[in-house]
Amino acid sequence: MTPRTTLCLTLAASLLHSGAAAGTPALKIRDREIHHAVERLTFGAKPADLDHAAKIGLDRWIDEQLHPDRIPENPVLKYKIADLETLQLSATDLLRQYPSNASIALMATGALSLPKDPLLRRGVERAIERYRSKKDADDKSQAASDTPNENPKGEIVRILGAANARLLRNGTPEERNAMLDSLAPETLNQLLLALPPAALRGLAATGPAGIRRKAILVTAPQQVIAFDLNENRLQRAIYSTHQLEELLVDFWFNHFNVFLDKGADRHLVPSYERDAIRPYVLGKFRDMLRATAHHPAMLFYLDNWQSVAPREGMRMKRGLNENYARELMELHTLGVDGGYTQKDVTEVARCLTGWTIREPRRTAEFLYNDRVHDKGEKTVLGTKIPAGGGKEDGDRILDMLAAHPSTAKYISRKLAVRFVSDTPSEALVSQMAAVFQKSGGDLREVMRTMLRSKEFRSEAAFRAKVKTPFEMVASAARALDADVTSTAAMARELNQLGEPLYRKVEPTGYSWRNAEWINSSALLGRMNVALSMAQGKMPGVKPNLPADASREALEKLYIPAGLGESTKASISKALERKDGTPATIAGLLLGSPEFQRK
């Protein structure tokens, strides 16, 4: 067993069996309250955040975070996400510019025109080659498409010159990447068009940050969408001054989860997060519920776009589909114990028939189709929906569910589990639910009630929650004051840690409860990530250790509430067998159980 494994098992045992008071009481009560709130309401408390909260007072700091429009956004963030163009496009434009497999098939026959952008056009041409190879089921043709003969080495020498061509072929990764970074944009584009697929795949994985996206564009255009989504979410978590808003985007996307890799959702998720989630996280719950219910991403993910009223005497492959109706009540509004029955599920599904998508693989817009709507009378939760209605049947159901007392309690409890503890008191949940109902589902006021509560600021809540992998990775980058030029490696680590962004298959979304994320193998993975980041071994992440990088200074910086005695002993033992460089010490601290808690 390696020293690192031994250390991780020791730390895992500490995390599994420690409670909120995992460290020493190193903070005074006022400082502890500030540290707790800033840590819980950000992706990791930076010293500047703590200083700002202490200067203006905790209540005012919380009020700032509840009104992100009043806080200027970090210009560094704006620069880092400026090139993620897919996030600004409509689903229709995404389907045209980053074509789906169905569109590739149409382009192969000439039914659709190719993109104009030369890099994107080359990526689509390669996709067409792969499509034709599979269609012909010809192994020789497939091999030819993987190694096209139109890119001779002489072309690369012509573009780069002999010296740079040798560097590209035989140089170290650092030398190669420095050379690529120095190329003029036009020269780089010429090179990317000339390189064979195998070389492009290598650049997409390990090339300079600004080149990876272009390399993906030339090899597999559809994958650029997922690249942009991950880059945007992680960069915002690390750099945004609107930290609470970003936490809430993560919370509500999970609450109204859709799965990126399900068919048309590959092109629908960017507009779903942008238009149906982000604008409403501090607004009215009813508005977000309606936005998600009308969005093609949700209709496609939970199959409601195929749900139609059965017609006597008609031959139809489709019929009534209850998937969305069930999750609408169980996961989105009332909760599993919210007082509905299977009969209610069926009746809600009937109300939502005809809520579909116009050409999901080409236009992908919401469409109400009255011809397939169930016109009969329905009864939901004891309320009659008169016969002869149309789209308004579904809208009425959404309003009914949004205003239901069970929804107020279910949403309040879920927020309290996320931000207070795994077992919030019934008194707190009831207080939040009362505000939810009185305010018409005003989520800002519900959050304010929770954050002003004694329970949120209690000693029992201090370090009572464990960071999810997403929170851990982002908070480690923030703690290291890292310059993150690419989050591709971080996104891959999240896959290994069990929380790939946008890729939770089940509609439940990721859990906020500690038990989901605490086990020995998970902590070993977190320790490896922490050491990799701190030691500068994670591509795209350059740590910035402080001038005073002694063990004592790093402990105070990264774990201001103090380390537990067992963690101190475990780290000391590990350092006896390892180098004691500041980077290693920083990595061990960021992998400690105290850092995993918030």
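- With salt bridges taken as basic N to acidic carboxylate O contacts below 4.0 Å, one links Glu273 and Arg233.
- Ring geometry for Phe256 against Trp252 counts as parallel: the plane angle stays under 30°, on a 0 to 90° scale with 60° as the upper cut.
- Under the 4.5 Å side-chain criterion, counting only non-hydrogen atoms from C-beta, Arg478 is in contact with Gln243.
- Screening Lys467, Lys46, Gln596 for a side-chain contact (heavy atoms from CB on, under 4.5 Å) with Ser475, the sole residue that qualifies is Lys467.
- Counting heavy atoms from C-beta outward, Asn254 and Trp512 have side chains that approach closer than 4.5 Å.
- Counting heavy atoms from C-beta on, the side chains of Glu555 and Ile585 never come closer than 4.5 Å.
- When side chains are defined from C-beta on, Leu497 counts as touching Val473, because their heavy atoms get closer than 4.5 Å.
- Between Trp355 and Phe366, the distance separating the two ring centers is shorter than 6.0 angstrom.
- Lys598 pairs in a side-chain contact (heavy atoms from CB on, under 4.5 Å) with only one of the listed residues (Glu471, Met472, His35, Arg463), which is Glu471.
- For the ring-ring contact (aromatic ring centres under 6.0 Å, His included) test, residues two or more places apart in sequence or in another chain that qualify with Tyr272 are Phe253, His295.
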Next item on the list: Please lay out, stage by stage, how Glu174 and Arg176 fare under the test salt bridge (charged side-chain N to carboxylate O under 4.0 Å, His left out).
Entry: CA-CA 5 Å; Glu174 292 77 14; Arg176 180 200 65 197; over 6 Å; no

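- Looking only at distances, a side-chain donor or acceptor of Arg513 sits under 3.5 Å from a matching main-chain atom of Asp422.
- Side-chain contact between Leu501 and Phe470 is present, with heavy atoms from C-beta onward closer than 4.5 Å.
- Rounding to the nearest 0.5 angstrom, the gap separating the CG atom in Leu268 from the CD1 atom in Ile357 is 6.5 Å.
- Residues Leu244 and Thr42 fail the side-chain proximity criterion, which asks for heavy atoms closer than 4.5 Å.
- Residues Gly591 and Ala530 approach most closely at N-CB, 3.6 Å, considering heavy atoms.
- Using a cut-off of 4.0 Å between Lys/Arg side-chain N and Asp/Glu carboxylate O, Asp250 and Arg418 are scored as not salt-bridged.
- With Glu73 contributing its side chain and Thr241 its backbone, the two residues share a donor-acceptor pair below 3.5 Å.
- The shortest distance between side-chain heavy atoms of Gln496 and Val529 does not fall below 4.5 Å.
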